[in-house]
Amino acid sequence: MSDQDLIQSTDKPASRRVVIPKQTTLAGRLAAGLLYALIRSVDATIRYAWTIHPTAEAAIKSGPVIFAIWHNRLALSLALYQRACGRWRTSARWTLTPPRMAAMVSASRDGGFLSRVLEHFGVQPVRGSTSRRGPQAMLELTTWAERGYDLAVTPDGPRGPREVVQEGVLALAQLTGLPIVPVSYLLPWKYVVNSWDRFQVPLPFSRCNVALDEALRIPREATEQERDSARLELERRMRAIST
């Protein structure tokens, strides 16, 4: 699948106009800094237990990869990334080159706020979603992957349905050739927000059971039927490690 094929397959009449990602306000930037500090503070109190499939460990060590995590597990995702890469990337290559990630976030004002949080964690935000700047964001992610960055995607975001994998992550894997590593975690001590995704807010001093499941590769020559089968398999794996 070429870049042009990807654009043609995802473009819609509403997406042909130029969409400028919305930026957050000064208050939003200050709030993003406070949220970053809060996440760091809570993360420092949590006890982590890890389960990782051998293929996921091998893929991470040879990197880069595409990390797929449900939208409602975003709260600890960035802290987990830094822990995971520090845990398994021990070769000279990764000792000399710190872990780097690019993540897709919405082009909305809420996405502008989240972008500031990502930047505090040293993550490169790429603005777009399935409904706004989708093709542009996909090509930007591909460029970051070519530079050696890991990629992060919430396959059910930004609007759901909850825990249903959308097509975008499969197209990204096919375009870049990178393996998808499903990631999730279980928190017995949390607050669940009354939102479409049932967002999970970790509470201090909880135990977090983290799981990275079998890496999934999408061949560049995969047909639409093969991509759909892979989508269902990825969804099955992500749900299995989320319950």
Side-chain angles (χ1 to χ4, degrees), residues 1-7 10 21 36 39 43 50 52-69 73-74 76-107 111 114-129 133-155 157 167-184 210 212-222 227 230 234 238:
M1 177 184 288
S2 66
D3 291 0
Q4 188 61 35
D5 291 334
L6 178 62
I7 293 173
T10 58
Y36 167 76
I39 293 172
D43 169 62
W50 297 81
I52 180 169
H53 193 278
T55 61
E57 183 175 353
I60 292 172
K61 285 182 176 179
S62 60
V65 302
I66 301 172
F67 290 101
I69 188 166
R73 259 68 167 198
L74 282 177
L76 291 175
S77 60
L78 298 176
L80 290 179
Y81 172 70
Q82 294 177 340
R83 289 175 179 271
C85 290
R87 185 183 183 95
W88 290 298
R89 281 184 174 154
T90 57
S91 67
R93 173 188 174 191
W94 294 105
T95 300
L96 296 174
T97 305
R100 299 174 299 176
M101 175 186 280
M104 183 183 288
V105 294
S106 170
L114 181 56
S115 293
R116 297 294 298 183
V117 178
L118 293 178
E119 290 169 352
H120 281 294
F121 279 94
V123 175
Q124 173 64 46
V126 175
R127 306 294 301 279
S129 65
R133 293 193 83 248
Q136 301 98 310
M138 191 76 73
L139 293 178
E140 288 176 26
L141 284 172
T142 301
T143 299
W144 287 111
E146 291 172 349
R147 297 176 182 175
Y149 279 60
D150 293 305
L151 306 180
V153 176
T154 53
E167 175 67 22
V169 64
L170 284 305
L172 182 61
Q174 185 175 16
L175 185 65
T176 61
L178 300 183
I180 303 172
V181 175
V183 183
S184 193
V210 187
L212 288 79
D213 203 3
E214 182 178 359
L216 180 67
R217 292 184 179 271
I218 313 299
R220 291 183 182 272
E221 65 279 5
R227 285 198 306 273
L234 176 61
M238 292 190 66

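The aromatic rings of His120 and Tyr36 lie parallel to each other, with less than 30° between the two planes, well short of the 60° mark.
With contacts defined as side-chain heavy-atom distances shorter than 4.5 Å, the pair Leu178/Val65 does not qualify. Side-chain contact between Ile52 and Ile60: present, with at least one pair of heavy atoms (C-beta onward) separated by less than 4.5 Å. Between Pro182 and Leu234, some side-chain heavy-atom pair lies under the 4.5 Å cut-off. At least one side-chain heavy atom of Ile39 sits less than 4.5 Å from a side-chain heavy atom of Phe121. Between Glu119 and Pro125, some side-chain heavy-atom pair lies under the 4.5 Å cut-off.
How far CG of Leu151 is from CE of Met138: 10.5 Å, rounded to the nearest 0.5 Å. Taking CD1 of Ile66 as the reference point, atom CG of Leu141 lies at 8.5 Å (rounded to 0.5 Å). A distance of 13.0 Å separates OG1 in Thr154 from CZ in Arg73, rounded to the nearest 0.5 Å. Distance check: Met104 CE to Ser115 OG gives 11.5 Å after rounding to the nearest 0.5 Å.
In this view, Tyr149 and Trp144 satisfy the ring pair (Phe, Tyr, Trp, His ring centres under 6.0 Å) rule, not counting sequence neighbours. Applying the side-chain contact (heavy atoms from CB on, under 4.5 Å) criterion to Ala230, with sequence neighbours excluded, gives Leu170, Leu216, Ile218. With sequence neighbours excluded, the residues that form a side-chain hydrogen bond (donor to acceptor under 3.5 Å, both in side chains) with Thr55 are His53.
Of the possible donor and acceptor atoms, none in the side chain of Asp150 sits under 3.5 Å from a partner among the backbone N and O of Pro64. Put simply, the side chain of Arg220 gets close to the backbone of Thr176: a donor and an acceptor are under 3.5 Å apart. With Gln124 contributing its side chain and Arg100 its backbone, the two residues share no donor-acceptor pair below 3.5 Å.
Minimum interatomic distance between Ser77 and Ile69 (heavy atoms only, all atoms of both residues): CB-CD1, 3.9 Å.
Applying the side-chain hydrogen bond (donor to acceptor under 3.5 Å, both in side chains) test between Gln174 and each of Arg227, Arg217, Glu221 identifies Arg227 as the sole match.
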